[in-house]
Structures are given as structure tokens and as C-alpha cells.
Amino acid sequence: MRILQVSSELFPLLKTGGLADVAGALPAALGAQACDVRPLLPGFPAVVAGLHAAQTIGNFTTPWGERIEVVLGHLPGLGAAGQALKAYVLLAPGLYDRPGNPYHDAQHHPYTDNHRRFAALGWGAAHLAYGLDSAWSPQLVHCHDWHAGLAPACMALWDSPHRVPSLFTIHNLAYQGCFDAGCFPELGLPASAFSVGGLEFYGQVSFMKAGLVYANHISTVSPTYAREIQTAEQGFGLDGLLRSRAAQLSGILNGVDGSVWDPKHDALLPHPFDMRKLTGKALNKAHLQAETDLEALPDAPLFTLVGRLTEQKGLPLVLGGIEEIVGGGGQLLVLGSGDAALEHALAGQAHAYPGRVAVRLDYDEALAHRIFGGSDVTLVPSRFEPCGLTQLYGMKYGSLPLVRRVGGLADTVTDTDLETLDDSSATGFVFDAFDSTPYRSALRRAFALYRRRADWNRVRHNGMRIASSWQDSARQYRDLYASLISTP
Ligand code: ADP
Ligand code: GLC
């Protein structure tokens, strides 16, 4: 099957979060399922720099008269078995050639022309779907998140002698790509699309809604999140639409890319280790404590959090639980960047508890690996979480996840109790309400298990044993693609 994968990020070229990990892992995982996947990406500087042997295959002109060149090149080491992956990139320096974050400027202001920058991604996908590359045309277009939301709309609404099905995957409903209605004429869509039944959303244009309305099928990154987004509480105003499309909405869990995340072969770890020989894990912890100015306490449970510092990730709970961690003799290390108020509050706590709390306000891929490698508990107490990857990386690296029972966290972590210890399904600590009392109680349970070392080791072993590879999920995507392609 020939699949065009449309996303704005792809690891290792460009990453701001889990979307990049997924877009980077899927082509090879699907390659192993006999799918020929080609990514389409905007020509951000890091993407253009990573693309080899690029050749122009066509171009198109935007409604505001900008010419966009579509090139096809190779991304080395990203295909099946580490081969080069063929990828399409949109060359439009006026839209994409800007340093830093792909979505906003250095002052964290979203670029004012984001509707143009990501409309172009949608058009690029639609042009490729309808024959821009005479040597390869996709049988299905798989669009990821709002950045690619215009693709299903163009594919459904443009005139074409044949139709190519589209799949739209929601990675996070909280980010919707909403723009002023005045930008609609620049989107190249018929006027009728600016309506309640189209991409109009409370008077604005919503790229997320465009994906949800016009895609042949909608998926999201866990079965629980697929249900949650159909409720008012988690639907961000789109729950009614999602309920109306429930028959075409499903959840497929993310996996772990073993070529990037494997403690046995991880070149970014000072001391690689595996399930059978965990001495490296203890050495990584000592290394991590030293490099982050935490006291060298081998027996203090080290709680860590790697993530975007946003409301979503449950930072208020983490801040409120610091006394519990420090008072219990543990340590806390946070790596993240984001909300200025959260950054400030975390830095204040590191100052208040030197040697016990450390905070790195940064984005650092290599440090993230060293953290999972040395950590005892991976905190993911999210308010909502479509899937979550850090709990999976924690498990794989022998760090027990402590998570809220929500979204993909509920689908991937099993709470530790006598029953789950006994049947070897326990993998971490799960609490329910988004409230400090159950969160702190989960922290105390982590301390209690840490003191029972044999049981701790069993739970750690359970987590490391669960492969969470992409194989099962890639099969589910393959089956979904096949059913959409065969449906007239
Ligand atoms: P989300 O996509 O909501 O941010 P995920 O858990 O799905 O959450 O994925 C986050 C990804 O980004 C993981 O690969 C995580 O290790 C990485 N990450 C997040 N923040 C940082 C950071 N400050 N430094 C390095 N990696 C980070
Ligand atoms: C989003 C979600 C996260 C998910 C990731 C990859 O950013 O917030 O839960 O794991 O996308 O699908």
C-alpha cells in the first residue's frame, strides 16, 4: 500500500513533542507491514538540511500567488532496517525558512501567517494525492494533527476524477489551529466550506475541524482518549462533532521506537543496561545525580519528569507534592520548558531544596535519555493525555511510571496492588482524580514499594518486559488503511 504521511514534525529532524516521535517511527514500522510510506513535511530549515538528493517533482501556486516547489529526497536511516526513506518536502522559504520553533517566534507568539504555512501543507498533500508526482501516487493520505487538517478538506472538496481516502489522526485536541475568519479566502476552498457543517468553529476557521469533518476516518492515539474526546469534559467544543462521527473514530496506541529507545543499545546512556543486568541503571543514577547537582544518594528514590511544562502535564500536582517527595527522603528532577509561571515556580523549588530538587529549564534530547536511564519513578500526572510516551520510555528504562488514570496513561500503566503483583501485571502507580490528595497518596505508595526491594524489582521487571514496540499498532494502522482503501 502506498501511504502519504503528512505531519509538521518528524524525529530526528524536527521535534517539539511526541508527534515527532510517532511520525519518525511509523514509516519503518509500517514498512515492516508491507506499506510504502512517504512523509510530506514543510521545508523548515532542519528538514531541508536533513533531506538528501532532493529533486523537484512539481510545483503549485497558492491563492495569494506564492509558488511552492515540491521536492522528493531521501532521509537517511529512517526507513525499514535503517535504510533511506523517501520523503516529499515543500520548499517555500518565505513561509518556512525561520530559525527555532516551527510554530512561534522567539517571543512565543504564533506566527501571524500560520494559516498560510499550514494551508500550504494541506494543498501539498492534496496535489500529491491527485497526481503531482507522476511516478508515485498515494492510495491513502494519513494526516497528523491540525497542521495537516486542511488536506482532507482539499481532497474532499477539490474537483478530481478520482478520490483518495484520508485518515486524520488527533494527537492533541487542545491545539486546534483556529484562525480569524478573514483568512478563509486564502485557503482555496469553496465558500460553502465556511459553515457549521464545514470548518467554521465559533466564527473562526479551525484546521482541526477541517480534518475531523472531511477525513474518511478519524483516529487518535489511544482507545481511552478516543472515548474521552466524545465527552464535553475533554472534547474542547468538538465532542458533538466527534460523537456524530463515532462510527469512523477509533484509537490506536503509540509504541516505542526500539531503534531510538532501548537501554541496552542506547549510545546516549553513560552505562547501557538491560533487564538481566541492572548495575548500569545504578551507575546511570549516580551519574545523573552528579550532573544535576543532586546529592549522591543511591538509596533515595529519584522521581523525574520530562515534558512540556504546560497545564496538561499536571505540573500543579508536581509542585504541590514536592514536600511529600523530599520529606520521604526522595529526590525530584524535572527537565522541561514551556509556561513561564511554571518554569518560575519550579526554579524556586530547586532553590528551596538544593541537592534534593533539580530543574533543567531546557529542551535536551540526550539528557532526556540519561534521565530515563537513571530515574526510579517517571511522573506523568497529566490532566489529560492522548497517549503519552514518557511513561512508556520510563517503563522500558526501568523507571516505574506514576500516572493519572486518563487517556493513554490509563491504557498503558497497571497500578501495583496485591493482585497485580501476584499476576505480574503491575507496572507502576495509577491515581484517579486530578487532585493533590490521590497524587500524594500515589507518591507514598511508590515510597512503600521502594522499601520492599524484591517487589520493586518485580514491578520494574514487568515494565521492562512489556515491549510496547510499534509492531501491534503498525498492524492496526495497516488494517485500517486496507479497509479505507477498499471502501468505495
Ligand atoms: P507530548 O507530545 O504531549 O509533549 P509525549 O509524552 O507524547 O508528550 O512526548 C513527549 C516527547 O518529547 C518525548 O519524546 C519526551 O522525551 C520529549 N520531551 C519533552 N520535553 C522534553 C525536553 N525538555 N527535553 C527533551 N525531550 C523532551
Ligand atoms: C500529543 C499528546 C501525547 C501523545 C503525542 C504523540 O502531543 O499530547 O499524549 O503521546 O501527541 O501521539
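Just follow the structure's listing: the first ligand is 1, and inside any ligand the first atom is 1. Atom set for the values below is all heavy atoms of this structure, side chains included, hydrogens, waters and symmetry mates excluded.
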Select one of side chain, backbone, both or neither to describe which atoms of [X] lie under 4.0 Å from any atom of ligand 1, heavy atoms only.
X      : value
Asp362 : backbone
Gln391 : neither
Lys313 : side chain

Is a side-chain donor-acceptor pair under 3.5 Å present for [Y] with [X]?
X      : Y      : answer
Tyr103 : Glu9   : yes
Tyr393 : Gln391 : no
Thr414 : Ser425 : no
Ser250 : Ser219 : no

Below 3.5 Å, N or O to N or O, backbone or side chain included: is there any such pair between Asp364 and ligand 1?
yes
Do any N/O atoms on Gly18 end up under 3.5 angstrom from N/O atoms on ligand 1?
yes
Just to verify, which of Val6, Val205, Leu199 counts as forming a side-chain contact (heavy atoms from CB on, under 4.5 Å) with Leu150?
Leu199
Tell me whether the NZ or CZ atom of Arg98 lies within the 45° cone about the ring axis of Tyr111 and under 6.0 Å from its centre.
yes
Is Arg445 positioned over the aromatic face of Phe429, cation under 6.0 angstrom from the ring centre and no more than 45 degrees off axis?
no
Give the C-alpha distance, both sets of side-chain angles, the deciding distance and a yes or no for salt bridge (charged side-chain N to carboxylate O under 4.0 Å, His left out) between Asp113 and Arg116.
CA-CA 5 Å; Asp113 59 351; Arg116 289 183 169 189; over 6 Å; no
Can you tell me how far the CG atom of Leu283 sits from the NE2 atom of His271, to the nearest 0.5 Å?
4.5 Å
Minimal heavy-atom distance between Gln312 and Pro386, with the atoms involved, is NE2-CD, 3.7 Å
Can you tell me if His171 has a non-hydrogen atom under 4.0 Å from ligand 1?
no
Find all atoms of ligand 2 within a distance of less than 4.0 Å from any non-hydrogen atom belonging to [X], and give their numbers and elements.
X      : value
Pro386 : 2 (C), 8 (O), 9 (O)
Leu19  : 6 (C)
Gln312 : 8 (O)
Glu385 : 2 (C), 3 (C), 8 (O), 9 (O)
Val22  : 6 (C), 12 (O)
Gly388 : 3 (C), 4 (C), 9 (O), 10 (O)

Atoms of ligand 1 close to [X] [distance to a heavy atom under 4.0 angstrom, numbered from 1]:
X      : answer
Arg308 : 1 (P), 3 (O), 4 (O), 20 (N)
Gly336 : 23 (N)
Gly388 : 6 (O), 7 (O)

Could you tell me if any non-hydrogen atom of Gly408 lies under 4.0 Å from any atom of ligand 2?
no
Going by heavy-atom distance to atom 21 (C) of ligand 1, choose the closest among Tyr393, Tyr363, Phe11, Trp261.
Tyr363
Measuring from atom 6 (C) of ligand 2, which candidate in Val380, Val221, Asn254 has the nearest non-hydrogen atom?
Asn254
For atom 5 (P) of ligand 1, which protein heavy atom lies nearest, and how many Å away is it?
Leu389 N, 3.6 Å
Ion pair present between Arg404 and Glu385, side-chain N to carboxylate O less than 4.0 angstrom?
no
